[in-house]
Amino acid sequence: MNEGGRVAVLGAGAFGTALAVALAANGPVGLWGRRIGWRGENPLLPGVTLPEAVTMTEALPAADTLLIAVPAQALGAFLTDHAAALDGRALVSCAKGIDLATGLSPARLLAEACPAATVAVLTGPSFAADIARGLPTALTLACADPSAGHRLQHQLSTPTLRLYRTTDVTGVELGGALKNVIAIAAGAAIGAGLGDSARAAIVTRGFAEMSRFAAARGAQPDTLTGLSGLGDLILTATSAQSRNFRFGQALGRGESFDPAVTVEGAATARAVARIAAAEGVEMPISALVAGLAEVRIDVKQAMELLLARPLKEE
Ligand SMILES: NC(=O)C1=CN([C@@H]2O[C@H](COP(=O)(O)OP(=O)(O)OC[C@H]3O[C@@H](n4cnc5c(N)ncnc54)[C@H](OP(=O)(O)O)[C@@H]3O)[C@@H](O)[C@H]2O)C=CC1
Ligand SMILES: O=C(CO)COP(=O)(O)O
C-alpha cells in the first residue's frame, strides 16, 4: 500500500502518469511535473482520466519513495535542479537509456547526485497506455540492497502490476536501455520492407550484442533473459505502439519523425557505440543505429554493411 501518500511520481509524461494511475490502486499518489499545462487528461497519454487518488503538483512532493520518470537525456538537468531536495529518500529510476553526456545509466546519475538516497530501478516490458488501462503487466524492481528491494517490490506492486525483484541493477538498466536501440533497427528493417525474417535476425543478433555489452559491464549472466532484456526487446521490436520501433520504421521508409517524441534509443545508440568502441565490445547493430541517428548512413547502407560482415560461428 502507499501508506498515506508516501509514494510520488516525478515526471508527468506518458509513463509517469501511467504509473501514478496504476499506483492509485494502492492509495494516494503524488504526480509532479515541471509545468503541468493540462487537467484531467494528459495529452501524452490520451484517453486516460486521473483517479481521485492522484494529486498533481508542481511543488516537489514530500513522499519518501519517489519514482523518477524523466527521460534519460533529461535526467542530468533535472538533477541539477532537484538533487539536493531528493537526497536521502528512496529513488526509483524508471528511465530506459544511457546519458550521452556522461555515459552513465540513470541509476548511476541518481546515486552520484544523491549519495544518501536508496536507488532502485523499475523496468521491463510495459507500454504506458497498457499500464494506465489496468492491463496486466510484469516489471522488474532492481535494488542493490535486498531488504530495500523487498520493501519497494511490495510497496509498488498493485493488483495489475506484478513486480519481480533482483539485485542486478546494472543488468536490468542495460536491458531496458539497449532494447530500445535494437527496436529502432527492427523498425528500420520493417520500414524498409526487408521482411519479418530480417527483423527476426536483427532481434536475435541484437540480443546477442546486448548480452555481450551487459556482461562486459558486470551484469549477471541470466539477467538479460528476463523481463528487462529479452522480455522488453520482444515487446518493443514487434509493436507499433513503441516510439523507438516507429522511429526506426520512419527511417526505413525515408520519412521524417516528430522530434518532440521521446525516442530513447537514438541517443542511447550513440552512447553505446562510443562506450563499445572504447572498451572493445563488438556491437555492430548498435553502431549502425548510431550511424542512422547521426544521419551518417541510411538504412540501405546499414543493411549492406551488416550483410558484408565476415561469416562467423553463432
Ligand atoms: N511511455 C512508455 O510506454 C514507457 C516509457 N518508459 C520510459 O520512461 C521515461 C519517460 O518516458 P515518457 O514518460 O514516455 O516520455 P514523455 O515524452 O511522455 O514525457 C517526458 C516527460 O518528461 C518531462 N521532462 C523532460 N525534461 C524534464 C526536466 N528536466 N525536468 C522535469 N521534467 C522533465 C517532460 O516534461 P515537459 O513536458 O515539461 O517537457 C514530460 O512530461 C523514458 O526513459 C522511457 O523510456 C518506460 C516504459 C514505458
Ligand atoms: O519501454 C517501453 C516499453 O517497455 C516503451 O517503448 P517506447 O519508448 O519505444 O515507446
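In listed order, ligands and their atoms are each counted from 1.
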Subject >> Check: Arg205 and Arg309 side chains under 4.5 Å, non-hydrogen atoms >> reply: no
**OP:** Mind listing the closest non-hydrogen atom pair of Met56 and Ile36 along with its distance?
**Re:** CE-CG2, 3.5 Å
Original post:
Exactly which residues line ligand 1, taking a heavy atom under 4.0 Å from it as the test?
Top reply: Ala12, Gly13, Ala14, Phe15, Trp32, Arg34, Arg35, Leu44, Ala69, Val70, Pro71, Ala74, Phe78, Cys94, Ala95, Lys96, Ser126, Phe127, Ala128, Arg243, Thr262, Glu264
Subject >> side-chain contact (heavy atoms from CB on, under 4.5 Å) evaluation trace for Leu156 with Leu19 >> reply: CA-CA 9 Å; Leu156 303 176; Leu19 287 169; over 6 Å; no
Original post:
Quick check: are there more than 12 heavy atoms from other residues, nucleotides or ligands sitting under 6.0 Å from CD of Glu52?
Top reply: no
For ligand 2, list all ligand N or O to protein N or O distances below 3.5 Å, rounded to 0.1 Å.
residue: ligand 2; atom: 1 (O); partner: Lys96; partner atom: NZ; Å: 2.8
residue: ligand 2; atom: 1 (O); partner: Lys179; partner atom: NZ; Å: 2.9
residue: ligand 2; atom: 4 (O); partner: Lys96; partner atom: NZ; Å: 2.9
residue: ligand 2; atom: 4 (O); partner: Gly124; partner atom: O; Å: 3.4
residue: ligand 2; atom: 4 (O); partner: Ser126; partner atom: N; Å: 3.0
residue: ligand 2; atom: 4 (O); partner: Ser126; partner atom: O; Å: 3.4
residue: ligand 2; atom: 4 (O); partner: Asp232; partner atom: OD1; Å: 2.6
residue: ligand 2; atom: 4 (O); partner: Asp232; partner atom: OD2; Å: 3.4
residue: ligand 2; atom: 8 (O); partner: Arg243; partner atom: NE; Å: 3.4
residue: ligand 2; atom: 8 (O); partner: Arg243; partner atom: NH2; Å: 3.0
residue: ligand 2; atom: 8 (O); partner: Asn244; partner atom: ND2; Å: 3.3
residue: ligand 2; atom: 9 (O); partner: Ser242; partner atom: OG; Å: 2.7
residue: ligand 2; atom: 9 (O); partner: Arg243; partner atom: N; Å: 3.1
residue: ligand 2; atom: 9 (O); partner: Asn244; partner atom: N; Å: 3.0
residue: ligand 2; atom: 9 (O); partner: Asn244; partner atom: ND2; Å: 2.7
residue: ligand 2; atom: 10 (O); partner: Arg243; partner atom: N; Å: 2.9
residue: ligand 2; atom: 10 (O); partner: Arg243; partner atom: NE; Å: 3.1

Original post:
Is any side-chain heavy atom of Cys143 closer than 4.5 Å to a side-chain heavy atom of Val92?
Top reply: no
**OP:** Begin from the C-alpha positions of Phe127 and Leu235 and carry the test side-chain contact (heavy atoms from CB on, under 4.5 Å) through to its verdict.
**Re:** CA-CA 9 Å; Phe127 287 127; Leu235 179 72; 3.5 Å; yes
Subject >> Exceeds 12 heavy-atom contacts within 6.0 angstrom, atom CZ of Arg296 >> reply: yes
Original post:
Do Arg199 and Phe245 have side-chain heavy atoms sitting under 4.5 Å apart?
Top reply: yes
Original post:
Between Leu67 and Cys94, what is the shortest heavy-atom contact and its length?
Top reply: CB-SG, 3.9 Å
